[in-house]
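Notes follow the structure.
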Protein chains: 2
Amino acid sequence: MPEKTTISDMVVSRLPYYLQALRHMASQGHQVILSQELGTHLGISAPQIRKDLSLFGEFGKQGTGYDIANLIKQLNQILNTNCVWEMVIVGAGNIGRAIALYQDFIDRGFRIAMIYDNDPQKIGSRVGNYTVQDTKGMAAAIKAKRINIAVLAVPAAEAQEVTNQLVEAGIKAILNYAPIAITVSPDVHVQHLDPVVYLQQMTYYLET
Amino acid sequence: MPEKTTISDMVVSRLPYYLQALRHMASQGHQVILSQELGTHLGISAPQIRKDLSLFGEFGKQGTGYDIANLIKQLNQILNTNCVWEMVIVGAGNIGRAIALYQDFIDRGFRIAMIYDNDPQKIGSRVGNYTVQDTKGMAAAIKAKRINIAVLAVPAAEAQEVTNQLVEAGIKAILNYAPIAITVSPDVHVQHLDPVVYLQQMTYYLET
DNA sequence: ATATGTGAAATCTTTCACAGCG
DNA sequence: CGCTGTGAAAGATTTCACATAT
């Protein structure tokens, strides 16, 4: 019996990994999984996984394990990914285009609605099925379509300025590929995915 | 006076962000920064930053703050990024190519040495200044050049198999863009950068 | 006067161990 | 019997408050 208690970020950050692993297991034809197996696969302890899941409900069968299909359904509900979220990409450079062409969004609850750039050379060019739009019309389109999520793939120098426009237009979540911190109001969520940051986290541990 | 104590992952994971912010400040012409300012810029508390830095030495001047140029030097030394790390990219699809063309590596201590794929259609094609190489020769080249870092940008189905080859060839750090968990020996570091995982961490908090 | 460096306290997170259930 | 669900204990991280240095 879960209480409507507040869930920590630490727990929330693990749930997408559980979902990813479960989808993988399901695609391999498995029906049931133990917290132990899931933990080994993800490098997370079994009690940790049981505790995380138990915060949201009793999804397992004692003596048996977890039904994979059911757990996937539950996790999608918890993470609000049992719908399709529309996203805009800002920046049609290498990273923006690569993300626009990424095939793995739609199965997992996300869809690119539009891609924007402010470079006249790029505006009007095709990226897969999309035509790059002028940033000028971006705020209006985001408001009209009530889009909540943006992928920021612009140069560092423009990142804050574009972020301000996005937030003003009603964006509530930003996946930030620009190599710079951006400042937003407290009700907007940001995930910073600068590859160099993650490389540097690893080089600390490497022998020179 | 710092002791040669063991530093937690949590601390290490913040250092690259400090470095990024400091480089930004430096590029704006600032000479000195306070823990308070740095914290506000990054969304981290000032005592947290002071404590993190003090684990490695006394880099600040009391009453004054931190000399930015010196702190950048110190952090590069701590993170082992005062040299240039060579990397290989595996997978010349959209993501692999975007990373190969990413301009922000070299200034921050990283360089793409080679890019590989196993698709005969892609092998030999050009990506910026690089020619896509056949994966067959990959292990030998990594060993010969003593490369430590790999960027994994292959489909999920091939990720583990390629990872095994990389680890066998001596790779010690992997930036994993494949949407699947990979298993490695304990002396190999992995950072998983599946965009959907980070999107799902945010949708949890969004109103449907 | 002002901002760092740092033990001690508070908070948060994970692990443990076993009760409880299929 | 085996594995989940979960309070209690252990461990880790962050915050606080102030001594300390310039």
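We name chains A, B, ... by the order of the sequence lines, and we start the count at 1 in each one.
- Toward the 5' end of DNA chain C, the nearer of the two residues A:Asp52 and B:Ile33, judged by each one's closest nucleotide, is B:Ile33.
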Identify each atom pair where a protein N or O and an N or O of nucleotides 8-11 of chain C are less than 3.5 Å apart, giving names and distance.
from  : atom 1 : to      : atom 2 : distance (Å)
C:dA8 : N6     : B:Lys51 : NZ     : 3.2

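- The side chain of A:Arg50 approaches D:dG5 more closely than any other nucleotide in the set C:dT4, D:dG5, C:dG5.
- Scanning residues 68-80 of chain A for heavy-atom distances under 4.0 Å to DNA chain C yields an empty list.
- Place B:Gly65 and B:Pro47 on DNA chain C by their nearest nucleotides, and B:Gly65 ends up nearer the 5' end.
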Listed pairs, N/O of protein and of nucleotides 9-13 of chain D, under 3.5 Å:
none

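- Scanning for salt bridge (Lys or Arg N to Asp or Glu O under 4.0 Å) contacts around A:Lys145 gives an empty result, with sequence neighbours left out.
- In the set D:dT15, C:dT4, D:dT6, the nucleotide with an atom closest to the side chain of B:Ser45 is D:dT15.
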Pick out the pairs of N or O atoms, protein on one side and nucleotides 20-22 of chain D on the other, that lie under 3.5 Å.
from   : atom 1 : to      : atom 2 : distance (Å)
D:dT20 : O2     : B:Gln62 : OE1    : 2.9
D:dT20 : O2     : B:Gln62 : NE2    : 3.4
D:dA21 : O4'    : B:Gln62 : OE1    : 2.2
D:dA21 : N9     : B:Gln62 : OE1    : 3.3

List, one per line, each side-chain donor-acceptor pair under 3.5 Å for residues 93-103 of chain A, sequence neighbours excluded.
from     : atom 1 : to       : atom 2 : distance (Å)
A:Asn94  : OD1    : A:Arg97  : NH2    : 3.4
A:Arg97  : NH1    : A:Ala92  : O      : 2.8
A:Gln103 : NE2    : A:Leu101 : O      : 2.8

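- With rounding to whole Å, A:Ile49 atom CD1 is found 13 Å from C:dT15 atom C1'.
- For residues 169-191 of chain B, every residue pair satisfying the ring-ring contact (aromatic ring centres under 6.0 Å, His included) rule, not counting sequence neighbours, is listed here: A:Tyr205-B:His189.
- Ring-centre distance between B:Tyr17 and A:His192: below the 6.0 Å cut-off.
- Identified under the side chain to side chain donor-acceptor pair (under 3.5 Å) test for residues 25-35 of chain B, with sequence neighbours left out: B:Ser35-B:Arg50.
- Under the ring-ring contact (aromatic ring centres under 6.0 Å, His included) criterion, the residue pairs touching residues 33-53 of chain B are B:His24-B:His41, with sequence neighbours excluded.
- Shown here are the side chain to side chain contact (heavy atoms under 4.5 Å, CB included) partners of A:Gln160, two or more places apart in sequence or in another chain: A:Thr163, A:Asn164, A:Ile182, A:Thr183.
- Sequence neighbours left out, the pairs with a member in residues 181-198 of chain B that pass salt bridge (charged side-chain N to carboxylate O under 4.0 Å, His left out) are A:Arg108-B:Asp194, B:Lys172-B:Asp187.
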Which pairs of donor and acceptor atoms, one on a side chain in residues 73-81 of chain A, lie under 3.5 Å apart (sequence neighbours left out)?
from    : atom 1 : to       : atom 2 : distance (Å)
A:Gln74 : NE2    : A:Asn70  : OD1    : 3.3
A:Asn76 : OD1    : A:Thr81  : OG1    : 2.8
A:Asn76 : ND2    : A:Ile72  : O      : 3.3
A:Asn80 : OD1    : B:Thr208 : OG1    : 2.9
A:Asn80 : ND2    : B:Thr203 : O      : 2.9
A:Asn80 : ND2    : B:Leu206 : O      : 3.0

